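Below you'll find the structure, written out as structure tokens, and then a few comments.
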Amino acid sequence: MKDLLGLRPTAPTISQYIVSLAEAAKASESIAPDIKSYSDAVYFNYYSLGTSLVFVPNDGYKPKTGLKLGELQQDKLLLDSIDIYNVPKSETKNADKTKSSRSVLSFTAFPTFPISLPITANLKDKDGKPVERPSQLDVTLETSGKDFVGAFGEPDRKGGGAGPSSGSINIWCEWSKDGLMVEFGGVQAKGPQAWDTGKDAVWKVITLFRPGTKRD
């Protein structure tokens, strides 16, 4: 998937990627994206395919808020990151209990597994010693925090696990050298004790971006 980064929305390989996901999901409805445009980013959301493509404007282009697909200057947009969604079972159960609408869980789970995430080789620790890591991690719907840390090592950045209502922000980890950010879901990923139990939390959103760039 990372070979799609840097491409324009009209690139044939991006179209082929979306079609392949639609086939895997056996999507019967239109696979046209829901567009969310802002001056610094444009989101192509494919809710039924469990993915979102985030494009950034270049060449001085600043999209207006609320544009439709046909109103975008697609030749001035480049793919900056790819979001892949999961729906942890605990969150689905909680939504059922509260009779939440489908809008709460707007993205379905990504349709193709496992997701093979490449792991950057030849990394060194703070003492300059080589770090031994596997060549990739094959992610399933049940891959947890400890699985990611076991494969990628300690994250370069992390956060969450705090906020109002006894901690409403999910924990997240970022491995900038691998171009990977992961948000975790379920009860283990929230609250004051989230970092104690987070190793068992299942991933909720995987964001792929160009290695070496920091996410906001």
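Note that the coordinates shown come from a computational prediction; the quantities given were computed from them, not determined experimentally. Heavy atoms only: backbone and side chains are in, while hydrogens, waters and symmetry mates are out.
- Rounding to the nearest 0.5 Å gives a distance of 11.5 Å between CG of D178 and CZ of F148.
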Evaluate side-chain contact (heavy atoms from CB on, under 4.5 Å) for F44 paired with I35, printing each intermediate quantity in order. CA-CA 5 Å; F44 283 49; I35 304 296; 3.8 Å; yes
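- Here CG of L117 is found 5.0 Å from CD1 of I206. Values are rounded to the nearest 0.5 Å.
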As a quick check of understanding, evaluate side-chain contact (heavy atoms from CB on, under 4.5 Å) for V182 and V205, giving each step before the final call. CA-CA 6 Å; V182 184; V205 186; over 6 Å; no
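- From W203, atom CH2 reaches atom CZ of F184 across 10.5 Å, with rounding to the nearest 0.5 Å.
- L69 and L78 fall into different hydrophobic clusters, where Ile, Leu, Val, Met, Phe, Trp and Tyr are joined by side-chain heavy atoms under 4.5 Å apart, directly or via other members.
- S81 approaches F209 most closely through the heavy-atom pair CB-CB, 4.2 Å.
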Only distances under 3.5 Å count here; give the side-chain donor-acceptor pairs of residues 136-143 to other protein atoms, sequence neighbours excluded, each with its distance to 0.1 Å.
{"residue": "Q136", "atom": "NE2", "partner": "D138", "partner atom": "OD1", "Å": "2.8"}
{"residue": "D138", "atom": "OD1", "partner": "S116", "partner atom": "OG", "Å": "2.8"}
{"residue": "T140", "atom": "OG1", "partner": "E142", "partner atom": "N", "Å": "3.2"}
{"residue": "T140", "atom": "OG1", "partner": "T143", "partner atom": "OG1", "Å": "3.4"}
{"residue": "T143", "atom": "OG1", "partner": "T140", "partner atom": "N", "Å": "2.8"}
{"residue": "T143", "atom": "OG1", "partner": "T140", "partner atom": "O", "Å": "3.4"}

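- Under the 3.5 Å distance criterion, with hydrogens and angles disregarded, a donor-acceptor pair is assigned to the side chains of D147 and S144.
- Scanning both residues, L72 and S37, for their nearest heavy atoms gives CD2-CB, 4.3 Å.
- Going from atom CZ of R8 over to atom CG of L77 covers 9.5 Å, rounded to the nearest 0.5 Å.
- At least one donor-acceptor pair closer than 3.5 Å links the side chain of W175 to the backbone N or O of G153.
- Of the possible donor and acceptor atoms, none in the side chain of T65 sits under 3.5 Å from a partner among the backbone N and O of Y38.
- Residue F113 qualifies as enclosed at atom CZ: its count of foreign heavy atoms under 6.0 Å is above 12.
- With a 6.0 Å cutoff to the six-membered ring centre and a 45° limit on the axis angle, K158 counts as a cation-pi contact of W195.
- In this structure, the side chain of S176 does not engage the main chain of P211 through any donor-acceptor pair within 3.5 Å.
- In this structure, Y85 has its ring center no closer than 6.0 Å to that of F110.
- Residue I119 is not grouped with residue V131 when hydrophobic side chains (ILVMFWY) are merged at heavy-atom distances under 4.5 angstrom, including chains of intermediate members.
- A donor-acceptor pair shorter than 3.5 Å can be found between the side chains of T207 and D83.
- Looking at every heavy atom in both residues, K36 comes nearest to D34 through CE-OD2, 3.0 Å.
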Can you give the donor-acceptor pairs under 3.5 Å from side chains of residues 52-62 to other protein atoms, not counting sequence neighbours?
{"residue": "S52", "atom": "OG", "partner": "N45", "partner atom": "OD1", "Å": "2.6"}
{"residue": "N58", "atom": "ND2", "partner": "K76", "partner atom": "O", "Å": "2.9"}
{"residue": "Y61", "atom": "OH", "partner": "Q73", "partner atom": "N", "Å": "3.1"}

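- Scanning all heavy atoms of the two residues, the minimum distance from I171 to G198 falls at CD1-CA, 3.6 Å.
- No donor-acceptor distance shorter than 3.5 angstrom exists from the side chain of R210 to the backbone of G179, with no hydrogens or angles considered.
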Given the rule in the side-chain contact (heavy atoms from CB on, under 4.5 Å) test, do Y17 and V19 qualify, once you have shown the distances and angles that lead to the verdict? CA-CA 5 Å; Y17 169 69; V19 169; over 6 Å; no
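- Residue L123 comes nearest to R133 through the heavy atom pair CD1-NH2, 3.0 Å, listed as atom of the first residue, atom of the second, then distance.
- Counting only distance, with no hydrogens or angles, the side chain of E23 and the backbone of S20 share no donor-acceptor pair below 3.5 Å.
- The line from CG of N170 to CD of E183 is 4.5 Å long, rounded to the nearest 0.5 Å.
- Both I14 and L49 belong to a common hydrophobic cluster when Ile, Leu, Val, Met, Phe, Trp and Tyr are linked at side-chain heavy-atom distances under 4.5 angstrom.
- T51 and L21 make their closest contact through CG2-CD1, 3.9 Å (heavy atoms, listed as atom of the first residue, atom of the second, distance).
- Note: E174 CD to M181 CE = 6.0 Å, rounded to the nearest 0.5 Å.
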Between V87 and F107, does a side-chain contact (heavy atoms from CB on, under 4.5 Å) hold up when you go through it step by step? CA-CA 8 Å; V87 184; F107 283 93; 5.9 Å; no
